[in-house]
Amino acid sequence: MRSYISAIGTANPPHAIPQMQVADFMATALQFDEQQTRKLKALYRVSGIGKRYSVLEDYTRTNGDFTFYPNTPSLEPFPTVQQRMNEYQKHAVALSEAAVHDCLAAVPAVPLAAITHLITVSCTGMYAPGLDIELVERLTLLPHVQRTAVNFMGCYAAFNAIKLADAICKADATAKVLLVCTEICTIHFQKYTQQDHLVSNALFGDGAAAVLMQGQPGQGLSLELQSFHCDLAPAGKPEMAWHIGNTGFEMTLSSYVPDLIKSGIRQLTNRLLNGLKTSISDIKFFAIHPGGRRILEVIEQELGLSRDDNRFAYQVLQEYGNMSSATVLFVLKALMDSLTTQDHNQPVLSFAFGPGLTLESMLSKVHYAEATV
């Protein structure tokens with residue numbers, strides 16, 4: 001029994017903000033002096049990000065015209081967790097719905113009424129009744145569709161959802177699983193001036209991705225799932241973390257994370273490929289979560305990859321930034337959109353990383369099925 005990724009759809013909120021405009025906002029919000037602003041802008045310039053998307057128009061405005069942040073020099077009183085969760089609930093469903101419609105537009109033979117399972121993924125907002133139930137209502141899915149929520153796992157959570165969908169499809173070849181990752185990261189800006197907070201503020205954007213997985217291949221190109229492997233690097237536990245504070249969710253993202261990933265990525269890859277009669281030299285396509293430019297670079301160094309091998313990750317980083325769990329699905333979509341029938345049976349290696357320090361990997365292969373008359 002196999003499972004297949006038949007289609008991926010994506011969506012972003014309407015506010016596309018140039019990276020250096022975000023830097024201006026942050027420098028003003030943090031009340032930085034000229035020297036601090038210069039250093040902050042240098043960090044933003046080398047991030048590899050051209051623009052990011054946000055549900056908040058405030059990042060495009062100046063103090064005095066804000067609608068979410070207070071119009072005070074210090075932004076005090078700073079938005080509470082409740083205010084941020086209200087903003088999440090306000091935008092998450094519409095963003096998710098747009099990603100689902102983009103996904104299913106590529107597989108017109110699969111109507112919404114055919115969906116048997118719904119898996120929602122998010123680490124940037126929670127409420128109940130939640131996103132899963134609201135999507136059932138908005139999409140008019142069958143009320144008995146089986147629902148699962150994967151919450152607060154971070155940037156690698158899409159892999160947990162894919163593994164769950166894989167198990168469902170292997171148990172029932174008629175299953176049609178809709179997986180939706182929705183992250184609204186930009187509502188969680190914190191005013192801390194420590195380096196790890198400055199780095200996280202420089203990276204994250206908002207987006208949603210939806211995946212259709214089936215127990216049988218559809219027509220055209222799909223990804224046939226082969227194997228998964230997860231590993232932990234406990235030394236990195238304090239280096240990447242995600243906690244709920246009094247004024248929102250607080251990210252810890254140390255500059256040591258790329259080195260920790262570098263030290264573990266080869267072992268992770270070898271364990272994934274072991275027994276599959278596949279080596280890294282056999283792999284043509286890579287879909288790596290762009291947690292940051294430096295993370296992509298150290299993986300290339302350790303696995304002997306070129307920047308061109310990693311082109312889909314750089315493309316997503318440049319156009320969207322890091323959207324937590326949705327990001328690797330944006331990379332997989334960019335890869336799938338580039339495939340041709342000549343790529344049938346080509347392996348695809350994918351990675352994502354998150355708190356723990358968790359390293360997730362997945363091997364799939366391109367599958368092409370001709371249309372039947």
Side-chain angles (χ1 to χ4, degrees), residues 12-81 83-84 87-88 91 124 155 183-207 239-243 245-258 290-297 314 316-324 327:
N12 297 92
H15 309 302
I17 310 166
Q19 178 73 332
M20 298 314 296
Q21 186 173 352
V22 184
D24 289 333
F25 173 93
M26 294 296 177
T28 301
L30 295 168
Q31 298 180 293
F32 275 179
D33 61 26
E34 184 178 347
Q35 182 180 14
Q36 291 171 313
T37 298
R38 187 164 56 250
K39 290 181 179 178
L40 184 71
K41 288 187 174 182
L43 172 66
Y44 276 64
R45 275 194 296 270
V46 300
S47 65
I49 299 170
K51 67 177 183 294
R52 289 180 276 164
Y53 289 82
S54 177
V55 298
L56 299 177
E57 198 170 2
D58 284 7
Y59 295 113
T60 69
R61 297 177 172 182
T62 56
N63 200 313
D65 293 320
F66 295 157
T67 58
F68 178 68
Y69 293 109
N71 287 288
T72 61
S74 63
L75 300 188
E76 298 291 349
F78 214 42
T80 63
V81 174
Q83 288 172 304
R84 296 173 196 261
E87 205 68 23
Y88 177 91
H91 295 285
T124 50
C155 294
E183 304 290 9
I184 303 180
C185 305
T186 65
I187 60 174
H188 294 295
F189 161 55
Q190 300 294 319
K191 293 194 303 175
Y192 304 122
T193 57
Q194 293 92 335
Q195 184 66 17
D196 56 345
H197 287 285
L198 297 180
V199 170
S200 62
N201 286 338
L203 293 176
F204 288 93
D206 301 345
E239 310 300 336
M240 185 186 292
W242 192 223
H243 298 286
N246 290 332
T247 59
F249 297 2
E250 300 176 3
M251 166 65 75
T252 299
L253 188 61
S254 164
S255 60
Y256 295 110
V257 168
R293 179 185 59 83
R294 181 63 182 147
I295 287 174
L296 297 177
E297 291 174 347
Y314 282 109
V316 169
L317 184 65
Q318 167 74 18
E319 295 181 5
Y320 305 100
N322 183 342
M323 299 166 287
S324 192
T327 319

Quick one: is the NZ or CZ of Arg84 closer than 6.0 Å to the six-membered ring centre of Phe189, and within 45° of its axis?
no

Closest heavy-atom pair, Ile187 versus Thr124, reported as atoms and distance to 0.1 Å, is CD1-O, 4.1 Å

Checking side chain to side chain donor-acceptor pair (under 3.5 Å) for the pair Thr247/Gln190: CA distance, chi angles, key distance, verdict?
CA-CA 8 Å; Thr247 59; Gln190 300 294 319; 3.0 Å; yes

Ala23 and Leu40 have their tightest heavy-atom pair at O-CD2, 3.8 Å

State the CG-CG distance between Asp65 and Asn71, to the nearest 0.5 angstrom.
7.0 Å

Least distance between heavy atoms, Asp206 atom then Met323 atom:
O-SD, 3.8 Å

Sole candidate of Tyr53, Phe204, Phe25 that passes ring-ring contact (aromatic ring centres under 6.0 Å, His included) when paired with Tyr59
Phe25

To the nearest 0.5 Å, how far apart are CG in Asn201 and OH in Tyr44?
5.0 Å

From the list Glu319, His15, Gln19, side-chain hydrogen bond (donor to acceptor under 3.5 Å, both in side chains) partner of Arg52 resolves to Gln19

Between Thr186 and Gly205 the two heavy atoms that sit nearest each other are CG2-CA, 3.9 Å

Could you tell me whether Glu297 and Arg294 have a side-chain N and a carboxylate O separated by less than 4.0 Å?
yes

In this structure, are over 12 heavy atoms from other groups packed under 6.0 Å from Glu76 atom CD?
yes

Taking all non-hydrogen atoms of both residues, which atom of Arg293 and which atom of Val46 are closest, and how far apart?
NE-O, 2.6 Å

Can a salt bridge be assigned to the pair Asp24 and Lys41 using a cut-off of 4.0 Å between side-chain N and carboxylate O?
yes

To the nearest 0.5 Å, what is the distance between OG (Ser200) and NE2 (His188)?
11.5 Å

Point-to-point distance, once rounded to the nearest 0.5 Å, from CG of Asn246 to CZ of Phe78
12.5 Å

Report yes if some heavy atom in the side chain of Lys39 is under 4.5 Å from a heavy atom in the side chain of Gln36; otherwise report no.
no

Can a donor-acceptor pair be found between the side chains of Gln21 and Thr60 at a distance below 3.5 Å?
no

